[in-house]
Peer 1: 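Dropping a structure here in structure tokens format, bear with me for questions.
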Amino acid sequence: MTDFQDPKDHLFALVQTALSQVAPDLTDVSFVVERPKQAAHGDYACNVAMQLTRVLRRNPRELAQAVVAALPESSLVVKTEIAGAGFINFFLTPAARYQVVRQVQQMGERFGRCEYGARKKVQVEFVSANPTGPLHVGHGRGAAYGASLAAVLDFAGYKVQKEYYVNDAGRQMDILAVSTWLRYLSLFGIDVPFPKNGYQGDYVREMAKQVKDAHGDRYVHQPWTVLEGVPAADEDAEGHLDGLIANAKKLLGDDWHYIHNFALNEQLGDGRNDLAEFGVHFDNWYSERSLFDSGLVERAIDQLEVNGHLYMQDGAKWFRSTRFGDEKDRVVQRENGLYTYFASDIAYHQNKFERGFHKVINVWGADHHGYIPRVKGALTALNFDPEKLDIALVQFANLIRDGKQVSMSTRSGEFVTLRELRGEVGNDAARFFYVLRKSEQHLDFDLDLAKSQSNDNPVYYIQYAHARICRVLEEWTGVASDFAEARLELLGNEHEAAILRRLCDFSVTIENAAREYAPHVVAFYLKDLAADFHSYYNAERFLVDDVELSLARLALIDAVRQTMVNGLRLLGVSAPDKM
RNA sequence: CUGCCCGUAGCUCAACCGGAUAGAGCAACGGCCUUCUAAGCCGUAGGUUACAGGUUCGAUUCCUGUCGGGCAGGCCA
């Protein structure tokens, strides 16, 4: 069985060998072998001569001559030429060009996998939305990006763990619980004015109704007790809310935990289902509360204390993050003795690092960027290498309806949920739209455009190519095993050459996507591959009288089909047989 | 005020850790279905890569500055 080697890697090795002869003393010359933009410049080009020029101060074309002269013989290379400023252009044999089809045939759904990640453990933490209401379209982008990124990293040879950090310990959860309780009270005609900064959504009323159905009037208390000692809402809105929470805890006792946990589990379960339907799955759900229960928060803060990075001021305990480049120091324990969110986050990241990942990747909304220095600072203070933490910032998705931006706030209840979006445009379009641009680019999600099932939607373009291939193969009377006999040397026209090149670039694309944390390059690759195919489809017929030629072409488009399946799977998009 | 991200065709975006003549889609114009799916293809037109410097053999890419847009800067999460 032939062992396939990527021509690019092969050429790289050839050049390295030649380089060791031309400049034996130079060990760290960086150069690349890559696809030239123009086919006339060969199958691959190498810039090694220009790189050498920098060090040796010699004419690049002369250096290129020397490198070419020192190149070992290769059965894959037909000829080399020196062009432009000193590029070495390689022209491959037909066999070298079409071997990729054999590779696809043998690898099947594993085609495109590479060893770039060397089985190193990485963690991707994403979404991690507060379980205080339905996921909205902003979360959707993080979900689609994180899931695709994780899939790409896995395909590139990493061992990937996908994690969701559950913020189940904070004030936001208390607000949700008290909101649910107030709606519950109103079901009994007990009218406590609902605070503006409570959770307004209908799902809160839903939960209230469920509590009533299950437990009747068990949690009913009179309005004056609910409001006792609570600051007026119009004077101190936050204090008002905190007062309501305090009274709820006092009046309900242990029952408070029931309502709190009920609301938490309802929302968490809802989010989990929503994400699962979206094709987004997690390996681990990590509870913030467990950090407190197990003493990890205390331990992390103690460790910082021992390492001499904390001090007291105004009754609060501060972390001296300015020592690590943060713009100001941060409170980890408040005057009232409660730990801040930052404190549990320190413990969480300490725990992540202790789990032994080569890389820890956090997918965050871009509005959290100011948070990076303090987290990295805390890791440094705990004697970890902050370089192991990568933050992938994802810009928010603006929602556009009727040409106007829709405001999105969970509390206002006016958001469009991820579930609604999926229902309107479908999972495939949603997943694809979300990753179609670089994560750090703003995304205007035009609902009207996405909803209109027009041909503007690029996902159809790719799926259509796949469906067309399936249709052709359906018409064909042979079986897949026949492809092994295909005479691929018959593939010679420019469309076929373009597709062979494209197929060969798939693994490089995966590598780039993994290195840059950029699943969008896979999306663009698939668009290009689909374009190559559609063009071919219109120029040639596959089911022709010449049986040999027909078989070769079918083998080629079957390889395209497989590559599309593999690529679409990374993006969480289906590959339908017919449309 | 300070920090981070962004600025590429009329619009929405690409451009492989710096490479040769910066590419697609939409919109505009002109063609292609008696054939394996026209949700497709072919062609025309569209650019001082915001601006000014710098580094380099070579800059959309790296650095500095200016302008413009977005987002952050809590003992909230």
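Chain letters run A, B, ... following the sequence lines, proteins first and then strands; every chain starts at 1. The structure presented is a predicted model; accordingly, all values stated were derived computationally and were not measured.
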Peer 1: So, does A/Arg330 use its side chain to make a donor-acceptor pair with the main chain of A/Lys328 at under 3.5 Å?
Peer 2: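 At least one qualifying donor-acceptor pair exists.
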Peer 1: Any chance the rings of A/Tyr44 and A/Phe91 have centres within less than 6.0 Å?
Peer 2: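 Aromatic pair excluded; centres sit 6.0 Å or further apart.
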Peer 1: Grab the CZ-C1' distance between A/Phe433 and B/A14 for me, whole Å please.
Peer 2: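 A/Phe433 atom CZ is separated from B/A14 atom C1' by 16 Å.
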Peer 1: Tell me what A/Lys438 touches on the nucleic acid: a base, only sugar-phosphate, or nothing, going by heavy atoms under 4.0 Å.
Peer 2: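 Sugar-phosphate contact only.
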Peer 1: Would you indicate whether A/Glu115, at its atom CD, is surrounded by more than 12 heavy atoms from other residues, nucleotides or ligands within a distance under 6.0 Å?
Peer 2: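 Not more than 12 within 6.0 Å, no.
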Peer 1: Report yes if the distance between the aromatic ring centroids of A/His358 and A/Tyr158 is under 6.0 Å, otherwise no.
Peer 2: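 Here the rings of A/Tyr158 and A/His358 have centres that are no less than 6.0 Å from each other.
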Peer 1: Taking the six-membered ring for Trp, are A/Phe483 and A/Trp476 closer than 6.0 Å centroid to centroid?
Peer 2: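 Here the rings of A/Trp476 and A/Phe483 have centres that are less than 6.0 Å from each other.
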Peer 1: What does nucleotides 71-77 of chain B look like as a protein-contact string, B for base, S for sugar-phosphate only, - for none, at under 4.0 angstrom between heavy atoms?
Peer 2: BSSSBSB
Peer 1: Base, sugar-phosphate, or nothing for A/Asp532, non-hydrogen atoms under 4.0 angstrom?
Peer 2: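 Touches nothing.
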Peer 1: Is the number of heavy atoms from other residues, nucleotides or ligands within 6.0 Å of CG (A/Asp546) greater than 12?
Peer 2: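 Yes, the 6.0 Å shell around CG holds more than 12 heavy atoms from other groups.
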Peer 1: Quantified in whole Å, what is the C1' atom distance between nucleotide B/G43 and nucleotide B/G3?
Peer 2: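 Those two atoms are separated by 49 Å.
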Peer 1: Can you measure from CG (A/Asn493) to CD (A/Glu540) and round to the nearest 0.5 angstrom?
Peer 2: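 That separation rounds to 5.0 Å.
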Peer 1: Could you check how far CZ of A/Phe542 sits from P of B/C36, rounded to whole Å?
Peer 2: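 The answer, rounded to whole Å, is 13 Å.
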Peer 1: Under 6.0 Å between ring centres, would you say that holds for A/His534 and A/Tyr461?
Peer 2: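 Yes: the rings meet the under 6.0 Å criterion.
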Peer 1: With stacking defined as ring centroids separated by under 5.5 Å and planes differing by under 30°, is A/Tyr461 stacked against B/A39?
Peer 2: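 By the stated criterion, A/Tyr461 and B/A39 do not stack.
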Peer 1: Using the C1' atom in both, what is the distance from B/C11 to B/C67, to the nearest Å?
Peer 2: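 So the two C1' atoms sit 23 Å from each other.
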Peer 1: Looking at the side chain of A/Asn89, which of B/A20, B/C17, B/G40 is the nearest nucleotide?
Peer 2: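 Of B/A20, B/C17, B/G40, B/A20 is nearest to the side chain of A/Asn89.
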Peer 1: Using modelled atom types only, decide if a donor and an acceptor are shared between the side chain of A/His349 and the backbone of A/Asp345 within a distance under 3.5 Å.
Peer 2: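 Checked: pair present.
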Peer 1: A/Arg541 near the nucleic acid: base, sugar-phosphate alone, or nothing, with a heavy-atom cut-off under 4.0 Å?
Peer 2: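 The answer is base, as A/Arg541 lies within the cut-off (heavy atoms under 4.0 Å) of a base atom.
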Peer 1: Please state how far atom CZ in A/Arg437 lies from atom C1' in B/A15, giving the value in whole angstrom units.
Peer 2: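 Roughly 16 Å, once rounded to whole Å.
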Peer 1: Pick the nucleotide of RNA chain B nearest each of A/Val521 and A/Ala83; which residue has the one closer to the 5' end?
Peer 2: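 It is A/Val521 whose nearest nucleotide is closer to the 5' end.
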Peer 1: Please verify the inter-ring angle class for A/His520 with A/Phe524; under 30° counts as parallel, over 60° as perpendicular, anything in between as tilted.
Peer 2: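 It falls in the perpendicular class, over 60°.
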Peer 1: Checking A/His41 now: which residues fulfil side-chain hydrogen bond (donor to acceptor under 3.5 Å, both in side chains) with it, not counting sequence neighbours?
Peer 2: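 For A/His41, no residue satisfies side-chain hydrogen bond (donor to acceptor under 3.5 Å, both in side chains) once neighbours in sequence are set aside.
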Peer 1: Using a heavy-atom cut-off of 4.0 Å across all strands, would you classify A/Glu516 as base, sugar-phosphate, or nothing?
Peer 2: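 Contact class for A/Glu516: sugar-phosphate only.
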Peer 1: Between B/U44 and B/G23, how many Å separate the two P atoms, rounded to a whole number?
Peer 2: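 That atom pair is separated by 13 Å.
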Peer 1: What distance, rounded to whole Å, do you find between the two C1' atoms, one in B/G25 and one in B/C41?
Peer 2: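 Their C1' atoms lie roughly 15 Å apart.
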Peer 1: Between protein and nucleic acid, restricted to nucleotides 42-44 of chain B and to nitrogen or oxygen atoms under 3.5 Å apart, what atom pairs and distances do you find?
Peer 2:
{"from": "B/C42", "atom 1": "OP1", "to": "A/Ser535", "atom 2": "OG", "distance (Å)": "2.9"}

Peer 1: Counting side-chain heavy atoms from C-beta on, which of B/C16, B/C36, B/A39 comes nearest to A/Arg35?
Peer 2: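 The closest nucleotide is B/C16.
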Peer 1: Is any side-chain heavy atom of A/Asn512 closer than 4.5 Å to a side-chain heavy atom of A/Tyr525?
Peer 2: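 In short, these two side chains do not touch, never coming nearer than 4.5 Å.
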Peer 1: Report the residues that fulfil side-chain contact (heavy atoms from CB on, under 4.5 Å) with A/Val22, sequence neighbours left out, ordered by chain and then residue number.
Peer 2: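 Per chain and number, A/Val22 pairs via side-chain contact (heavy atoms from CB on, under 4.5 Å) with A/Ala66, A/Val67, A/Ala70.
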Peer 1: Could you summarise the pairing of RNA chain B as dot-bracket text, marking Watson-Crick and G-U pairs under 3.5 Å with ( ) or [ ] inside the strand and | across strands?
Peer 2: (((((((..((((.....[...)))).(((((.......))))).....(((((..]....))))))))))))....
Peer 1: With side chains defined as the heavy atoms from C-beta onward, is the minimum distance between A/Arg334 and A/Lys317 less than 4.5 Å?
Peer 2: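 In short, these two side chains do not touch, never coming nearer than 4.5 Å.
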Peer 1: What is the separation between atom CZ on A/Arg502 and atom C1' on B/A14, rounded to the nearest whole Å?
Peer 2: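 Value for this atom pair: 12 Å.
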Peer 1: For the C1' atoms, the ones on B/U66 and on B/G7, what distance do you get once it is rounded to whole angstrom?
Peer 2: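 Each nucleotide's C1' atom is 14 Å from the other's.
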Peer 1: With a non-hydrogen cut-off below 4.0 angstrom, is A/Phe87 in contact with a base, only sugar-phosphate, or nothing?
Peer 2: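 Counting heavy atoms under 4.0 Å across all strands, the contact made by A/Phe87 includes a base.
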Peer 1: Apply ring pair (Phe, Tyr, Trp, His ring centres under 6.0 Å) to residues A/Tyr536 and A/Phe542 and explain how you reach the verdict.
Peer 2: CA-CA 10 Å; A/Tyr536 185 34; A/Phe542 310 118; 5.1 Å; yes
Peer 1: In whole angstrom, give me the gap between the P atoms of B/C57 and B/A52.
Peer 2: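 Pairwise P distance, B/C57 against B/A52, rounds to 23 Å.
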Peer 1: Using OP1 and OP2 only, check whether a side-chain N or O of A/His520 sits under 4.0 Å from B/A15.
Peer 2: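 So the side chain of A/His520 is within the cut-off, an N or O lying under 4.0 Å from OP1 or OP2 of B/A15.
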Peer 1: Rounding to an integer number of angstrom, what distance separates B/C62 and B/G18 when you compare their C1' atoms?
Peer 2: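 It works out to 8 Å between them.
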Peer 1: Which atoms of nucleotides 56-58 of chain B (N or O only) lie under 3.5 Å from a protein N or O atom, and what are those distances?
Peer 2:
{"from": "B/U56", "atom 1": "O2'", "to": "A/Arg54", "atom 2": "NH1", "distance (Å)": "3.4"}
{"from": "B/C57", "atom 1": "OP1", "to": "A/Arg57", "atom 2": "NH1", "distance (Å)": "3.3"}
{"from": "B/C57", "atom 1": "N4", "to": "A/Met50", "atom 2": "O", "distance (Å)": "3.3"}
{"from": "B/C57", "atom 1": "N4", "to": "A/Arg54", "atom 2": "NH2", "distance (Å)": "3.2"}
{"from": "B/G58", "atom 1": "O6", "to": "A/Arg54", "atom 2": "NH2", "distance (Å)": "2.5"}

Peer 1: Which whole-number value in Å describes the distance from A/Tyr525 OH to B/C16 P?
Peer 2: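 Rounded to the whole Å, the gap is 17 Å.
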Peer 1: Under 30°, 30 to 60°, or over 60°: which ring-plane class applies to A/Tyr339 and A/Phe292, parallel, tilted or perpendicular?
Peer 2: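 A/Tyr339 vs A/Phe292 ring planes: tilted.
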Peer 1: Determine the interatomic distance between C1' on B/G70 and the same-named atom on B/C26; round to the nearest Å.
Peer 2: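 Comparing C1' positions in B/G70 and B/C26 gives a spacing of 24 Å.
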Peer 1: Please report, rounded to the nearest Å, how far the C1' atom of B/C16 is from the OH atom of A/Tyr517.
Peer 2: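 It is 18 Å, rounded to the nearest whole Å.
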Peer 1: Does B/A20 have its OP1 or OP2 closer than 4.0 Å to a side-chain nitrogen or oxygen of A/Lys37?
Peer 2: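 The answer is yes; a side-chain N or O of A/Lys37 sits under 4.0 Å from OP1 or OP2.
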Peer 1: Closest nucleotide of RNA chain B for A/Asn538 versus for A/Val508: which of these residues is on the 5' side?
Peer 2: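 The residue mapped nearer the 5' terminus is A/Val508.
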Peer 1: Which way is the base of B/C33 turned, syn or anti, if we draw the line at 90° from 0?
Peer 2: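 B/C33: syn.
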Peer 1: Rounding to an integer number of Å, can you tell me how far A/Tyr460 OH sits from B/C26 P?
Peer 2: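 Whole-Å distance recorded here is 16 Å.
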Peer 1: CZ of A/Phe12 versus P of B/C17: gap in Å, rounded?
Peer 2: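 A/Phe12 atom CZ is separated from B/C17 atom P by 12 Å.
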Peer 1: Using a heavy-atom cut-off of under 4.0 Å over every strand shown, decide if A/Ala45 touches base, sugar-phosphate, or nothing.
Peer 2: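 Base contact - A/Ala45 has a heavy atom under 4.0 Å of at least one base atom.
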Peer 1: With ring centroids as reference points, do A/Tyr348 and A/Tyr165 lie under 6.0 angstrom apart?
Peer 2: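 Yes, the ring of A/Tyr348 comes within the 6.0 Å limit of the ring of A/Tyr165, centre to centre.
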